[in-house]
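So that the names make sense, note that chain A is the first sequence line, chain B the second, and so on, each numbered from 1.
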Amino acid sequence: MDVSYIFEDLNEPQRDAVAAEPGPLLVLAGAGSGKTRVLTYRVAWLVQAQQCSPLSIMAVTFTNKAAREMRGRIEKLLGFPVGGMWMGTFHGLSHRMLRSHAQDAGLPATFEILDSDDQLRMIRRVLKELNLDEGYWPPRQIQWTINGHKEEGRRPHDLSDSHDPQVQVLHKIYSNYQALCQRFGLVDFAELLLRALELMQNNERIRNTYQDRFRHILVDEFQDTNSIQYRWLKLFADKHKNITVVGDDDQCVYSWRGAQVENLRKFEKDFPGAQTIRLEQNYRSTEIILNAANAVIDQNQGRFGKTLWTEGEKGEPIQLYAAFNEVDEARFVIDRIKSWVGQGNQRSSCAILYRSNAQSRVFEEVLLDVGMPYRVYGGLRFFERAEIKDALAYMRLISNPHSDAAFERVVNVPTRGIGNKTLDQIRARAREKQQSLCNAAVELLQSGLPPRATQSVQRFLQLMDDLRKSAEGHELAEIADLVINRSGLIEHYRKEKGERAEARVENLEELVSAARNFRHDEDDELDELSSFLAHAALEAGEGQAEEWEDCVQLMSLHSAKGLEFPLVFLTGMEEGLFPHQRSMEEPGRLEEERRLCYVGMTRAMQQLVMVYAEVRRLHGREHYTSPSRFLSEIPHEHIQEVRSPMISRAVVRRYDKSDSAGQSVNGIKLGSRVRHNKFGDGTVLNLEGRGESARVQVNFEDVGSKWLVLAYTSLHAI
DNA sequence: TACTATTTAATTTTT
DNA sequence: TTAAATAGTA
């Protein structure tokens, strides 16, 4: 077998990583240093040079997209398909295990996956059963708490007793929620991982089987793993210790979701003798961009430490534009794109990046205005859309009549006269007799409901019966078609007017195509319909139908991770927006913002343009802003300030560039310590306006954060 | 049940 | 400002 290509295509550290001896290996891969390349080549090397069977390899990613791409690249390298190799997301692989060992995992064979939306509904239901007020117990927060517990591997019974009544109630909600899920055979995202982990821990036979089978484990984006994922990996790798993790501590931007950069350090400790290889040669950006990004990220403490370098061109300086306001910002950016495109470049080679999604609006308005095609990433994905979830719920009821979540979702969608009162009766009956809503509804028909309700419920049950009968022996796509037509769903939206309704009809039609394109795996434990439903829950699909038109790309900095563009605009470079206000209170969060900035800057291949607005309208108020601290962390020689085309700009400009850290009023500036004669001591978080209307936000030690108008308050620096 | 008025809160989101 | 959730009304 000629494997020389493996060495020809790679630089030295890459080669070392790809051909490292078996054993624990940590690859610290800087942005654009070819980490996916290393991962795929290492798999190819294992198979071709080490004669490993693809069956003995597991590769784990965070997204389905990454898994698909990796599989494709590996197959291309090897020249043959590697179907037997386990390659997928933590959730996908866990799901696969649980399907194979449902009974051992304490789950019914027909268990269903709850996505976060379904989970929220479930929590609402628990709150209702416990007679708790949603205003006081926000479902989202509870969802966050429960998932947090699960991600740390804590079951309700693991929680220590608390004397705090608040905490007691939270525990109660968690344990009721869990009991309800167990009763209905429902598994949420975090549960997939926790169950799979517990299955391995508690069942020696299964543990041995998997530990023996997977002689090699490879992990992508390791810096984003949370506690449960780390424990999951550690257990899988426990026997052979052949685990390759690839990650970049400087690109950890999901710690708010439980990602623990510390896992990188932990890895070194838990796998003694682990080899560490750094990939620092960058193949993406110009030297100036890299130097600037290096300088910014260098401000963070406790890094593993990497310095990106390139053999490529020095490139153009980073351009910085101080826009008058957010509209000027958008005009400037789009003007620049126009001239870029005029030079023969593609629109799709430009990305407009921002910290928060709301910022896309102004850009969209201007793009629409000048008639330039664009694509916004983010927002609801295909399988998350309400109308699609409705249709899927019908399909779930066909597959499993006793799915309460599905029943609740569509029993009155479109409205068919089964209101809250009737539903409450059904729910009460179901709870009392410990049966599914469907069965409760059937029984209630006998024991007397008001005539109107009886008729409506009967009609619904009849509909489901018909659907179930008609579905038998039909193709998936036909079932989908049947469901959207006979349920009245599509008719319901056809009658509605407006663009939204039109889009919904289109989406429902698209669902039929999605069903047609779905390829059911022969040796799947599930029948085609159930398998499709699981697929829909685990892979939310694209945000928009694939647009082939050449489009400007708009997305949040988070969504940009992993992508690259010749021309990148980092917009909204203002204190309070980026770094975001809510991240400035804790130093840890600030460092994460800085990593996000690093991620954003390193997306750019040829030209990076940074923009901030001196005045920004936010939540209906105008704010005077100061330039982001990240801008001042970039060495001056790399920055070229772009002057406004309008002469008046010089007049409009109000601040001194050399003091870009921010304005100062009466010696009070951002971050300074102040004393108030009522509120005590605190730290200045924010400053806006000037003169009489100058206001400051102060985080007081005793009373928390407050906005004060300087003119009316006795505040002084200490 | 559907429509309208009012209130509320406003980062980021791989599964 | 705005979108979404809630409450109130026809």
Practice task
Answer whether the closest heavy-atom distance between the side chains of A:Arg616 and A:Glu326 falls below 4.5 Å.
Solution key: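 Side-chain contact under 4.5 Å: yes.
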
Handout entry: Aromatic ring proximity A:Phe407/A:Phe460, centre distance under 6.0 Å
Key =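 Yes.
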
Practice task
Select base, sugar-phosphate, or nothing to describe what A:Gly417 touches, counting heavy atoms under 4.0 Å on all strands.
Solution key: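 The residue A:Gly417 makes sugar-phosphate contact but no base contact.
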
Practice task
Tell me what A:Asn147 touches on the nucleic acid: a base, only sugar-phosphate, or nothing, going by heavy atoms under 4.0 Å.
Solution key: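 Touches nothing.
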
Problem - Results of salt bridge (Lys or Arg N to Asp or Glu O under 4.0 Å) for A:Arg121 - residues two or more places apart only - result: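 Partners of A:Arg121 under the salt bridge (Lys or Arg N to Asp or Glu O under 4.0 Å) test: A:Asp117.
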
Handout entry: Base-paired stems that DNA chain B participates in, counting runs of 3 or more Watson-Crick or G-U pairs under 3.5 Å
Key =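 For DNA chain B the paired stretches long enough to count as stems (3 pairs minimum) are B:1-10 with C:1-10.
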
Practice task
Return the orientation label for the A:Trp256 and A:His558 ring planes: parallel under 30°, perpendicular over 60°, tilted otherwise.
Solution key: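 Judged by the thresholds at 30° and 60°, the geometry between A:Trp256 and A:His558 is perpendicular.
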
Exercise for the section: Give the ring-plane orientation class for A:Phe236 versus A:Trp232, where under 30° counts as parallel, over 60° as perpendicular and anything between as tilted. Expected result: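 Tilted: the ring planes of A:Phe236 and A:Trp232 meet at 30° to 60°.
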
Exercise for the section: Please state whether the phosphate of B:dA2, meaning OP1 or OP2, lies under 4.0 angstrom from any side-chain nitrogen or oxygen of A:Thr415. Expected result: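 So the side chain of A:Thr415 is within the cut-off, an N or O lying under 4.0 Å from OP1 or OP2 of B:dA2.
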
Problem - A:Arg361 vs C:dT2: side-chain N/O to OP1/OP2 distance below 4.0 Å - result: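 Yes, A:Arg361 has a side-chain N/O under 4.0 Å of OP1/OP2 on C:dT2.
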
Problem - C:dT6 and B:dT11, which share atom name C1', separated by this distance in whole Å - result: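 To the nearest whole Å, 24 Å.
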
Practice task
Would you check if the side chain of A:Arg125 reaches a backbone N or O of A:Ala405 as a donor-acceptor pair within less than 3.5 Å?
Solution key: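 Answer holds: no.
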
Problem - A:His623 side chain to A:Thr625 backbone, donor-acceptor under 3.5 Å - result: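 The answer is no, because no donor-acceptor pair under 3.5 Å joins these two groups.
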
Problem - Qualifying residue for side-chain contact (heavy atoms from CB on, under 4.5 Å) with A:Leu570, from A:Leu557, A:Ile352, A:Val611 - result: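 Among A:Leu557, A:Ile352, A:Val611, the one meeting side-chain contact (heavy atoms from CB on, under 4.5 Å) with A:Leu570 is A:Leu557.
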
Handout entry: side-chain contact (heavy atoms from CB on, under 4.5 Å) partner of A:Ile123, the single match among A:Asp188, A:Asp118, A:Ile146, A:Leu180
Key =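 It is A:Ile146, the one option of A:Asp188, A:Asp118, A:Ile146, A:Leu180 that forms the side-chain contact (heavy atoms from CB on, under 4.5 Å) with A:Ile123.
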
Quickly work out the [X] [atom1] to [N] [atom2] distance and round it to whole Å.
X: A:Gln359; N: C:dT2; atom1: CD; atom2: P; result: 15 Å
X: A:Leu192; N: B:dT15; atom1: CG; atom2: P; result: 13 Å
X: A:Asn325; N: C:dT1; atom1: CG; atom2: P; result: 15 Å

Completion exercise
Going 5' to 3' through nucleotides 5-13 of chain B and flagging B where a protein heavy-atom sits under 4.0 Å of the base, S where only the sugar-phosphate is that close, and - otherwise, we get -----BBBB

